[in-house]
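One structure is given here, and the rest of the page talks about it.
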Amino acid sequence: MAGFGLGLLFVTIWASAFTAIKGLVPEWPPLWALAVRFCLVALLLGGVLAWRGLRWPGRPDGWRLAAMGLFGSAGYLAGAWLASLTLPSGLVALLSATAPLFVAMGEVAFLGRRVPALAWAGLGLGWLGVAVLGAGRGAAGFDLHGVLLALGGALSQAAGILVFAPARGRVDAWTANAVQATVAAVALIALASLIETRLPGPPSLTAIASLAYGVVVVGIGGYALYFTMLKRLPPATAAALQLLAPPVAALLGWALLGEVLGWTDVAGGLVTLGGLALLFRARTA
(Lines give C-alpha, C1' and ligand atoms only; values in the text may rest on other atoms or scores of the structure.)
Protein backbone atom coordinates (compact mmCIF):
# COMPACT_ATOMS: atom_id res chain seq x y z
CA MET A 1 0.00 0.00 0.00
CA ALA A 2 2.88 2.37 0.84
CA GLY A 3 4.43 1.65 -2.56
CA PHE A 4 1.12 2.39 -4.26
CA GLY A 5 0.89 5.70 -2.42
CA LEU A 6 4.42 6.68 -3.46
CA GLY A 7 3.62 5.77 -7.05
CA LEU A 8 0.43 7.82 -7.02
CA LEU A 9 2.26 10.82 -5.55
CA PHE A 10 5.00 10.47 -8.17
CA VAL A 11 2.48 10.38 -11.02
CA THR A 12 0.67 13.47 -9.69
CA ILE A 13 3.90 15.46 -9.40
CA TRP A 14 5.19 14.24 -12.78
CA ALA A 15 1.94 15.17 -14.52
CA SER A 16 1.71 18.57 -12.82
CA ALA A 17 5.18 19.43 -14.12
CA PHE A 18 3.77 19.65 -17.65
CA THR A 19 1.13 22.09 -16.43
CA ALA A 20 3.69 24.18 -14.53
CA ILE A 21 5.78 24.58 -17.69
CA LYS A 22 3.04 26.81 -19.11
CA GLY A 23 3.58 29.33 -16.31
CA LEU A 24 7.21 29.92 -17.26
CA VAL A 25 7.74 29.11 -20.96
CA PRO A 26 5.69 32.06 -22.32
CA GLU A 27 8.02 34.49 -20.51
CA TRP A 28 11.43 32.81 -20.54
CA PRO A 29 13.22 30.89 -23.31
CA PRO A 30 12.59 27.22 -22.43
CA LEU A 31 16.20 26.03 -22.33
CA TRP A 32 17.36 28.95 -20.18
CA ALA A 33 14.36 28.40 -17.90
CA LEU A 34 15.33 24.74 -17.53
CA ALA A 35 18.97 25.64 -16.92
CA VAL A 36 18.00 28.05 -14.13
CA ARG A 37 15.73 25.43 -12.58
CA PHE A 38 18.41 22.74 -12.54
CA CYS A 39 21.04 25.17 -11.21
CA LEU A 40 18.78 25.96 -8.25
CA VAL A 41 18.00 22.28 -7.71
CA ALA A 42 21.71 21.38 -7.81
CA LEU A 43 22.58 24.10 -5.28
CA LEU A 44 19.85 23.01 -2.87
CA LEU A 45 20.68 19.33 -3.17
CA GLY A 46 24.38 20.06 -2.77
CA GLY A 47 23.49 21.58 0.60
CA VAL A 48 21.45 18.49 1.50
CA LEU A 49 24.36 16.20 0.64
CA ALA A 50 26.75 18.28 2.75
CA TRP A 51 24.30 18.28 5.68
CA ARG A 52 23.72 14.53 5.51
CA GLY A 53 27.39 13.74 5.02
CA LEU A 54 26.80 11.85 1.78
CA ARG A 55 29.60 11.29 -0.71
CA TRP A 56 29.38 11.53 -4.45
CA PRO A 57 29.60 8.12 -6.11
CA GLY A 58 32.80 6.60 -7.50
CA ARG A 59 33.77 6.71 -11.14
CA PRO A 60 31.67 3.80 -12.58
CA ASP A 61 28.40 4.88 -10.97
CA GLY A 62 29.31 8.53 -11.42
CA TRP A 63 29.53 8.10 -15.18
CA ARG A 64 26.16 6.34 -15.21
CA LEU A 65 24.61 9.18 -13.22
CA ALA A 66 26.22 11.70 -15.58
CA ALA A 67 24.54 9.93 -18.50
CA MET A 68 21.26 10.01 -16.59
CA GLY A 69 21.62 13.77 -16.13
CA LEU A 70 22.60 14.36 -19.75
CA PHE A 71 20.05 12.12 -21.46
CA GLY A 72 17.46 11.26 -18.81
CA SER A 73 16.94 14.86 -17.65
CA ALA A 74 18.55 17.47 -19.92
CA GLY A 75 17.73 15.78 -23.24
CA TYR A 76 14.31 14.61 -22.11
CA LEU A 77 13.14 17.93 -20.68
CA ALA A 78 14.72 20.05 -23.42
CA GLY A 79 12.53 18.21 -25.93
CA ALA A 80 9.44 18.46 -23.72
CA TRP A 81 9.87 22.17 -22.91
CA LEU A 82 10.61 23.16 -26.50
CA ALA A 83 7.55 21.18 -27.59
CA SER A 84 5.48 23.09 -25.01
CA LEU A 85 5.94 26.24 -27.07
CA THR A 86 3.48 24.89 -29.66
CA LEU A 87 1.66 21.93 -28.07
CA PRO A 88 -0.82 21.73 -25.15
CA SER A 89 0.51 20.34 -21.88
CA GLY A 90 -1.58 17.15 -22.09
CA LEU A 91 -0.22 16.31 -25.53
CA VAL A 92 3.39 16.91 -24.44
CA ALA A 93 2.81 14.55 -21.50
CA LEU A 94 1.25 12.05 -23.90
CA LEU A 95 4.26 12.01 -26.23
CA SER A 96 6.71 11.90 -23.34
CA ALA A 97 4.87 8.82 -22.03
CA THR A 98 6.25 6.75 -24.92
CA ALA A 99 9.51 6.46 -22.92
CA PRO A 100 8.45 3.24 -21.06
CA LEU A 101 8.06 1.38 -24.35
CA PHE A 102 11.57 2.42 -25.39
CA VAL A 103 12.87 1.35 -21.97
CA ALA A 104 11.22 -2.07 -22.18
CA MET A 105 12.64 -2.65 -25.65
CA GLY A 106 16.06 -1.50 -24.45
CA GLU A 107 15.95 -3.86 -21.46
CA VAL A 108 15.53 -6.78 -23.84
CA ALA A 109 18.09 -5.58 -26.39
CA PHE A 110 20.85 -4.24 -24.10
CA LEU A 111 20.33 -5.55 -20.55
CA GLY A 112 19.29 -9.09 -21.43
CA ARG A 113 16.21 -8.88 -19.20
CA ARG A 114 13.30 -11.18 -19.97
CA VAL A 115 10.07 -9.21 -20.00
CA PRO A 116 7.05 -11.51 -19.34
CA ALA A 117 4.33 -11.68 -21.96
CA LEU A 118 1.83 -10.25 -19.48
CA ALA A 119 4.12 -7.26 -18.93
CA TRP A 120 4.34 -6.68 -22.69
CA ALA A 121 0.55 -6.88 -22.85
CA GLY A 122 0.30 -4.31 -20.06
CA LEU A 123 2.75 -1.99 -21.79
CA GLY A 124 0.93 -2.40 -25.08
CA LEU A 125 -2.44 -1.68 -23.47
CA GLY A 126 -0.98 1.32 -21.67
CA TRP A 127 0.44 2.65 -24.91
CA LEU A 128 -2.90 2.02 -26.62
CA GLY A 129 -4.51 4.22 -23.97
CA VAL A 130 -1.96 6.90 -24.72
CA ALA A 131 -2.75 6.53 -28.43
CA VAL A 132 -6.49 6.89 -27.78
CA LEU A 133 -5.81 10.06 -25.85
CA GLY A 134 -3.58 11.27 -28.69
CA ALA A 135 -6.16 10.50 -31.36
CA GLY A 136 -8.56 12.96 -29.85
CA ARG A 137 -5.86 15.56 -29.36
CA GLY A 138 -4.47 15.06 -32.84
CA ALA A 139 -7.88 15.49 -34.44
CA ALA A 140 -7.72 19.14 -33.48
CA GLY A 141 -4.39 19.51 -35.30
CA PHE A 142 -0.84 19.56 -33.97
CA ASP A 143 2.61 20.88 -34.79
CA LEU A 144 4.81 18.12 -36.27
CA HIS A 145 8.03 19.79 -35.15
CA GLY A 146 6.76 19.89 -31.58
CA VAL A 147 5.72 16.24 -31.76
CA LEU A 148 9.18 15.18 -32.94
CA LEU A 149 10.85 17.20 -30.19
CA ALA A 150 8.72 15.54 -27.49
CA LEU A 151 9.31 12.05 -28.94
CA GLY A 152 13.05 12.75 -29.15
CA GLY A 153 12.97 13.76 -25.50
CA ALA A 154 11.22 10.49 -24.58
CA LEU A 155 13.86 8.47 -26.43
CA SER A 156 16.60 10.44 -24.66
CA GLN A 157 15.02 9.72 -21.28
CA ALA A 158 14.85 6.01 -22.06
CA ALA A 159 18.56 6.02 -22.95
CA GLY A 160 19.41 7.70 -19.64
CA ILE A 161 17.35 5.21 -17.62
CA LEU A 162 18.95 2.23 -19.35
CA VAL A 163 22.50 3.49 -18.79
CA PHE A 164 21.76 4.28 -15.14
CA ALA A 165 19.91 1.00 -14.46
CA PRO A 166 22.93 -1.11 -13.31
CA ALA A 167 23.76 1.48 -10.63
CA ARG A 168 20.23 2.00 -9.32
CA GLY A 169 20.67 -0.31 -6.32
CA ARG A 170 23.97 1.23 -5.24
CA VAL A 171 23.20 4.96 -5.16
CA ASP A 172 20.74 6.62 -2.77
CA ALA A 173 18.04 8.91 -4.16
CA TRP A 174 19.52 12.16 -2.77
CA THR A 175 22.95 11.54 -4.28
CA ALA A 176 21.51 10.38 -7.60
CA ASN A 177 19.32 13.46 -7.86
CA ALA A 178 22.13 15.87 -6.92
CA VAL A 179 24.61 14.45 -9.43
CA GLN A 180 22.16 14.22 -12.33
CA ALA A 181 20.82 17.73 -11.62
CA THR A 182 24.34 19.17 -11.69
CA VAL A 183 25.14 17.48 -14.99
CA ALA A 184 21.79 18.53 -16.45
CA ALA A 185 22.37 22.15 -15.39
CA VAL A 186 25.77 22.29 -17.13
CA ALA A 187 24.43 20.60 -20.27
CA LEU A 188 21.41 22.92 -20.48
CA ILE A 189 23.51 26.06 -20.01
CA ALA A 190 25.71 24.93 -22.90
CA LEU A 191 22.71 24.03 -25.08
CA ALA A 192 20.85 27.26 -24.31
CA SER A 193 23.97 29.31 -25.11
CA LEU A 194 24.14 27.67 -28.54
CA ILE A 195 20.46 27.74 -29.46
CA GLU A 196 18.73 30.61 -27.66
CA THR A 197 19.86 34.19 -28.10
CA ARG A 198 17.25 35.73 -25.80
CA LEU A 199 18.07 35.68 -22.09
CA PRO A 200 15.46 35.43 -19.31
CA GLY A 201 13.98 38.78 -18.31
CA PRO A 202 12.41 39.91 -15.04
CA PRO A 203 9.84 37.21 -14.14
CA SER A 204 6.22 37.82 -13.26
CA LEU A 205 4.67 36.40 -10.10
CA THR A 206 3.26 33.54 -12.18
CA ALA A 207 6.70 32.73 -13.57
CA ILE A 208 8.25 32.87 -10.09
CA ALA A 209 5.60 30.54 -8.70
CA SER A 210 6.07 28.14 -11.63
CA LEU A 211 9.84 28.15 -11.17
CA ALA A 212 9.57 27.60 -7.42
CA TYR A 213 7.18 24.69 -7.99
CA GLY A 214 9.52 23.21 -10.59
CA VAL A 215 12.51 23.47 -8.24
CA VAL A 216 11.03 22.30 -4.94
CA VAL A 217 8.14 20.00 -5.83
CA VAL A 218 9.30 18.57 -9.17
CA GLY A 219 13.08 18.98 -9.16
CA ILE A 220 13.62 17.81 -5.57
CA GLY A 221 10.50 15.93 -4.45
CA GLY A 222 9.49 14.44 -7.79
CA TYR A 223 12.97 13.28 -8.74
CA ALA A 224 13.58 11.85 -5.26
CA LEU A 225 10.48 9.69 -5.81
CA TYR A 226 11.62 8.96 -9.35
CA PHE A 227 14.96 7.51 -8.21
CA THR A 228 13.22 5.67 -5.38
CA MET A 229 10.92 4.00 -7.91
CA LEU A 230 13.90 3.14 -10.14
CA LYS A 231 15.63 1.55 -7.15
CA ARG A 232 12.63 -0.54 -6.06
CA LEU A 233 11.27 -1.61 -9.45
CA PRO A 234 12.68 -2.87 -12.77
CA PRO A 235 13.41 0.08 -15.11
CA ALA A 236 10.52 -0.68 -17.48
CA THR A 237 8.03 -1.03 -14.61
CA ALA A 238 9.19 2.17 -12.89
CA ALA A 239 9.13 4.09 -16.16
CA ALA A 240 5.66 2.73 -16.95
CA LEU A 241 4.24 4.84 -14.11
CA GLN A 242 4.68 7.74 -16.52
CA LEU A 243 1.91 6.26 -18.64
CA LEU A 244 -0.50 7.70 -16.07
CA ALA A 245 0.89 11.20 -16.56
CA PRO A 246 -0.99 12.03 -19.81
CA PRO A 247 -4.55 11.60 -18.45
CA VAL A 248 -3.61 13.36 -15.20
CA ALA A 249 -1.88 16.18 -17.13
CA ALA A 250 -4.91 16.48 -19.42
CA LEU A 251 -7.16 16.78 -16.37
CA LEU A 252 -4.89 19.41 -14.78
CA GLY A 253 -4.69 21.30 -18.07
CA TRP A 254 -8.49 21.35 -18.23
CA ALA A 255 -8.89 22.45 -14.61
CA LEU A 256 -6.06 25.00 -14.41
CA LEU A 257 -5.32 26.16 -17.96
CA GLY A 258 -8.73 25.89 -19.63
CA GLU A 259 -7.51 23.25 -22.09
CA VAL A 260 -10.16 21.04 -23.69
CA LEU A 261 -10.88 17.70 -21.96
CA GLY A 262 -12.60 15.32 -24.38
CA TRP A 263 -14.05 11.84 -24.11
CA THR A 264 -10.85 10.41 -25.64
CA ASP A 265 -8.90 11.80 -22.68
CA VAL A 266 -11.14 9.92 -20.26
CA ALA A 267 -11.20 6.72 -22.35
CA GLY A 268 -7.44 6.81 -22.86
CA GLY A 269 -6.89 7.23 -19.14
CA LEU A 270 -9.06 4.21 -18.33
CA VAL A 271 -7.29 2.02 -20.88
CA THR A 272 -3.92 3.14 -19.49
CA LEU A 273 -5.03 2.18 -15.99
CA GLY A 274 -5.90 -1.28 -17.27
CA GLY A 275 -2.47 -1.61 -18.86
CA LEU A 276 -0.72 -0.60 -15.64
CA ALA A 277 -2.78 -3.14 -13.70
CA LEU A 278 -1.54 -5.90 -16.04
CA LEU A 279 2.03 -4.65 -15.83
CA PHE A 280 2.12 -4.69 -12.03
CA ARG A 281 0.38 -8.05 -11.93
CA ALA A 282 3.15 -9.42 -14.14
CA ARG A 283 5.70 -7.89 -11.75
CA THR A 284 4.19 -9.59 -8.68
CA ALA A 285 3.37 -12.93 -10.35
Side-chain angles (χ1 to χ4, degrees), residues 12-45 69-70 72-96 137 140-154 156-157 177 180-223 245-246 248-261:
T12 303
I13 292 175
W14 207 255
S16 68
F18 294 95
T19 306
I21 292 173
K22 293 294 187 177
L24 191 56
V25 163
E27 296 187 33
W28 281 8
L31 296 181
W32 279 117
L34 264 176
V36 170
R37 193 188 99 173
F38 273 104
C39 284
L40 293 174
V41 170
L43 286 172
L44 290 172
L45 288 175
L70 181 61
S73 291
Y76 161 58
L77 289 175
W81 280 51
L82 287 170
S84 294
L85 290 172
T86 56
L87 299 178
S89 58
L91 184 53
V92 176
L94 154 74
L95 296 167
S96 299
R137 298 253 170 193
F142 54 82
D143 175 66
L144 180 60
H145 183 251
V147 169
L148 293 177
L149 281 170
L151 285 175
S156 180
Q157 185 195 30
N177 198 3
Q180 69 90 26
T182 301
V183 173
V186 173
L188 286 164
I189 289 172
L191 188 60
S193 300
L194 291 173
I195 296 178
E196 296 176 338
T197 56
R198 183 170 63 94
L199 295 174
S204 66
L205 289 177
T206 299
I208 292 173
S210 178
L211 180 61
Y213 186 87
V215 169
V216 178
V217 179
V218 180
I220 295 178
Y223 271 85
V248 176
L251 184 62
L252 291 173
W254 166 74
L256 301 176
L257 302 176
E259 295 177 354
V260 176
L261 182 67

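Side chains included, hydrogens not; waters and symmetry mates left out as well; all remaining heavy atoms used. This one's a predicted model, so the numbers in the text were calculated from it and none came from an experiment.
The shortest heavy-atom contact between I13 and G222 is CG2-CA, 3.8 Å. In terms of heavy atoms, A78 sits closest to L191 at CB-CD2, 4.2 Å. Smallest separation of non-hydrogen atoms from S73 and F38: CB-CZ, 3.9 Å. Between S210 and I21, the closest heavy-atom pair is OG-N, 4.4 Å. When every heavy atom of E196 is checked against every heavy atom of P29, the shortest pair comes out as OE1-CB, 3.1 Å. Listed here is the closest heavy atom pair of G69 and V183: C-CG1, 4.1 Å.
Side-chain contact between R198 and W32 is absent, with no heavy-atom pair separated by less than 4.5 Å. Side-chain contact between Y223 and V41: absent, with no pair of heavy atoms (C-beta onward) separated by less than 4.5 Å. Between C39 and I189, the closest side-chain pair of non-hydrogen atoms falls below 4.5 Å. The shortest side-chain heavy-atom distance between L31 and W81 does not fall under the 4.5 Å cut-off. The shortest side-chain heavy-atom distance between V218 and R37 falls under the 4.5 Å cut-off. The side-chain heavy atoms of L211 and P203, taken from C-beta on, include no pair separated by under 4.5 Å. Between E27 and L24 the shortest side-chain heavy-atom distance does not fall below 4.5 Å. Contact annotation: the side chain of V36 approaches that of W28 to within less than 4.5 Å [non-hydrogen atoms, C-beta and beyond].
Taking OG1 from T182 and CG from L45, the interatomic distance works out to 8.0 Å, rounded to the nearest 0.5 Å.
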Check the pair Q157 / S96 against side chain to side chain donor-acceptor pair (under 3.5 Å), numbers first and verdict last.
-> CA-CA 9 Å; Q157 185 195 30; S96 299; over 6 Å; no
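S156 places no side-chain N or O within donor-acceptor distance of the main-chain N or O of G152, the cut-off being under 3.5 Å. Remark: the backbone N or O of A42 is not paired with any side-chain donor or acceptor of N177 at under 3.5 angstrom. Listed for the K22 side chain is no donor-acceptor partner under 3.5 Å among the backbone atoms of L85.
The 12-atom threshold is exceeded at CG of L199, counting heavy atoms of other residues, nucleotides or ligands nearer than 6.0 Å.
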